[in-house]
Amino acid sequence: MPGFRRWGKSKFQKNPESSFKLLAAVFVITFYLIIKEFSDPTVYFRRAPSIGAHVQFTQWQNGTHKADAAKAGQVRDAMKYTFRKYRERAWGYDDILPVSGNGSNSRNGWGAFIVDSSTTLALMGLWEELELAVEHIISIDFRQAEDLVDPFETTIRYLGGLVSLVDLADAGIIPENVVNATARNAILNQAVTLANCLGPAYDTPTGMPWPRVDFSISEGVEDPPSVFMKNPEKKRYVNPVIGLARAGSSILETRTLTRLTGNAIYAANSTKAWAPLVWSKWISPWKGIVDAPLDIVTGEPAGRQRHWDGGHDSYYEYLVKMTLLAPPRDPYLDVYRQRFLDAAYSLRTYLSSRSAPAPNHTMQHLFIGRQDSSWYLNRQGHLACFAPGTVLLGSKFYDETYLHAFALALLEGCHHTYTSTPSKIGPETWSWIPKFGFDSPVYEPQTGRQKREWQEMGLWSINPQYRGRPEYVESLFYAWRITGEKRYREWAWEAFRGMEKYCKAPFGYAQLADVYRPGLEQWSGDGNGRWIDMQESFWGAETLKYLYLTFSDVDVASLDRWVFSTEGHVFRMIR
């Protein structure tokens, strides 16, 4: 079995000669210090720890903190339907195709849906389904992979799900008759096996991971040609490059694995991977914002892209969440806190812009754009709707009033993209005319449809699809738990009703081809053209989880005791 290591032989490093015994001694001492720095004692107890943070709203009145049982039950039923159809038609595959009912492997054939949605099953108390999931999980051979392995997606979907299951079992959330000590240890062993196989990803001069890992030869490799065929706009560089999310979104998962195993190497590797971002030696004009993509050999920015949208998002998310997850003795908590605050205020100052009034929509909304070199791109993706929840979390934990108001304004903008469509679901990407500072914006409505949408809503869709994404309802979950304002539950319910009405397909929940044309009667033939035959694992792992938790009792997965990964998996605060 390949080891999870950075000290192994690689194409960048020759083996040391025996004459360098002094270097070996230095290595031993350094490794000991790393263990002391990053290792937490192995924790195995079936009780939740004492409160580690004060994040959630506390001044509830008239039982408003209790579950809305009817609504939570309907979301739970949606998860049961999703799991049942997958079980009947695609068990063991990564995904089910919800229109055709076929199985599909897009995540190396290990059963991504089973692992990724297992923590949702646990929080919903779906014990029969979870028993089936655990039976599959402990049988997976992670040493064998279909195709090259994406370390980012594999970490957030698979590794995060495995270590979260162990944490949920140790906290007593999962009954012992569902996950007993033997099953718990088997799940943890699976996490260790997978983490060890992912180890070569970090074997680079900078510590930032390779885009892919070839498990058959235990080496990190470049993006395969299929990536460039699928994304023809993706530039090729001399050395492999990655975005901020790929370099900075494994530290929650591996920090938890280090705590569970006592093995420091997992946390150490992830710390080294995001160190070139946190302690960047390359000057950016905006505090806290890192230019990307990044060269994994030199660490130098290969481009000047600055944003909080897809590809960059979860690095900024993990900065604040690490200050919640890590024990108080971590020497870098103040650094992470300051980097997050700098980045959040830069987001507020440079990347957010208010929409100009439109002929039939005078209300203005706050959206998040991108910067590419000297160009401000007035375009936002659904993925960026994670930002309101993350900024709100940081504003509460760090007591930053200005960020609190900013986060809620961003959330209102995302809410508008949902309520302005007939489906009550927002599009994948959209644009707007900035009110201030841009006489000639990069993007303006071109087609007749775009012009009509802008006139009526103050924005227009670039990609009108809905891909089952969770980011909007994720931010609503944070807003409800942190502010206690009832409207966020109401917004979440409106979104869920749209998903239930328009996405529910014969074998799961399909993606929508056009959120502005969701009805069967708006399409020719059998109307199936309104659906995209795909159901990503994050539908079960995140979208339904955040919706359920919005309607559950606020003590379920409390933000005062649990930290959510970028894939919606929960890790305990041990503080």
Side-chain angles (χ1 to χ4, degrees), residues 1-8 31 34-35 37-46 107-112 114-116 118-119 122 133-145 149-171 174 179-203 207 209-210 213-220 249-273 325-326 565 567 569-572 574:
M1 182 188 304
F4 190 102
R5 73 278 190 258
R6 281 180 46 81
W7 56 84
F31 186 63
I34 289 175
I35 292 177
E37 182 69 44
F38 295 109
S39 181
D40 291 308
T42 301
V43 177
Y44 181 22
F45 51 87
R46 302 184 71 88
R107 303 293 172 195
N108 304 107
W110 296 317
I114 299 173
V115 182
D116 210 8
S118 61
T119 57
V134 170
E135 182 180 349
H136 173 83
I137 286 169
I138 62 180
S139 71
I140 300 171
D141 185 358
F142 282 115
R143 296 167 296 180
Q144 304 295 322
V149 177
D150 183 334
F152 168 70
E153 296 287 357
T154 302
T155 295
I156 65 172
R157 300 191 196 218
Y158 286 107
L159 186 61
L162 294 171
V163 296
S164 180
L165 267 185
V166 176
D167 252 359
L168 286 165
D170 287 355
I174 303 174
V179 176
N180 59 24
T182 301
R184 178 262 186 199
N185 291 335
I187 296 168
L188 181 57
N189 287 337
Q190 288 288 66
V192 169
T193 298
L194 179 57
N196 289 343
C197 291
L198 289 170
Y202 299 95
D203 199 7
W210 285 96
V213 180
D214 188 335
F215 277 20
S216 66
I217 59 175
S218 300
E219 286 189 7
S249 304
S250 62
I251 197 162
L252 295 184
E253 294 83 354
T254 54
R255 188 70 177 251
T256 302
L257 183 58
T258 283
R259 170 170 56 77
L260 292 169
T261 63
N263 190 338
I265 194 61
Y266 307 120
N269 280 358
S270 289
T271 302
K272 291 173 184 174
L325 183 78
S565 77
E567 190 69 8
H569 298 302
V570 289
F571 308 128
R572 289 190 298 168
I574 306 296

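For the single chain, residues carry numbers from 1 onward in sequence order.
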*Where R184 and A169 come nearest, the two heavy atoms and their spacing*: CG-CB, 4.4 Å

*What is the minimum heavy-atom distance between A145 and W110, and which atoms define it?*
CB-CZ2, 3.5 Å

Got a sec, which residues hit side-chain contact (heavy atoms from CB on, under 4.5 Å) with [X], two or more places apart in sequence or on another chain?
{"X": "E153", "answer": "R107, D150, I156, R157"}
{"X": "A183", "answer": "V134, V179, N180"}
{"X": "A273", "answer": "Y202, P209"}
{"X": "D214", "answer": "L148, S216, I217, V221"}

Can you tell me how far the [atom1] atom of [X] sits from the [atom2] atom of [Y], to the nearest 0.5 Å?
{"X": "L198", "Y": "F142", "atom1": "CG", "atom2": "CZ", "value": "9.5 Å"}
{"X": "F215", "Y": "R143", "atom1": "CZ", "atom2": "CZ", "value": "11.5 Å"}
{"X": "R259", "Y": "L257", "atom1": "CZ", "atom2": "CG", "value": "10.0 Å"}
{"X": "I187", "Y": "L260", "atom1": "CD1", "atom2": "CG", "value": "11.5 Å"}
{"X": "N189", "Y": "L194", "atom1": "CG", "atom2": "CG", "value": "12.5 Å"}
{"X": "T119", "Y": "E567", "atom1": "OG1", "atom2": "CD", "value": "8.5 Å"}

*Side chains of L165 and I137: does their closest heavy-atom pair fall under 4.5 Å?*
yes

*Go through the steps to decide whether V192 and Y266 satisfy the test side chain to side chain contact (heavy atoms under 4.5 Å, CB included), and finish with yes or no.*
CA-CA 9 Å; V192 169; Y266 307 120; 3.5 Å; yes

Taking the side chain from [X] and the backbone from [Y], do they hold a donor-acceptor pair closer than 3.5 Å?
{"X": "Q190", "Y": "L162", "answer": "no"}
{"X": "D167", "Y": "R572", "answer": "yes"}
{"X": "D116", "Y": "A112", "answer": "no"}
{"X": "S164", "Y": "F571", "answer": "no"}
{"X": "S565", "Y": "H569", "answer": "yes"}
{"X": "W210", "Y": "P151", "answer": "no"}

*Test log, rule side chain to side chain contact (heavy atoms under 4.5 Å, CB included), inputs V115 and I140*: CA-CA 10 Å; V115 182; I140 300 171; 3.9 Å; yes

*asked:* side-chain hydrogen bond (donor to acceptor under 3.5 Å, both in side chains) for S250 and T155? Distances and angles first, verdict last.
replied: CA-CA 6 Å; S250 62; T155 295; 5.7 Å; no

*side-chain contact (heavy atoms from CB on, under 4.5 Å), paired with T256, selected from L325, V166, T261, I251*: L325

*asked:* Run E219 and V213 through side chain to side chain contact (heavy atoms under 4.5 Å, CB included) and show every step you take.
replied: CA-CA 6 Å; E219 286 189 7; V213 180; over 6 Å; no

*Partner residues of S118 under the side chain to side chain donor-acceptor pair (under 3.5 Å) criterion, sequence neighbours left out*: none

*Set of residues satisfying side chain to side chain donor-acceptor pair (under 3.5 Å) with respect to S249, sequence neighbours excluded*: S314

*Verdict with reasoning, L159 to T254, per side chain to side chain contact (heavy atoms under 4.5 Å, CB included)*: CA-CA 8 Å; L159 186 61; T254 54; 4.3 Å; yes

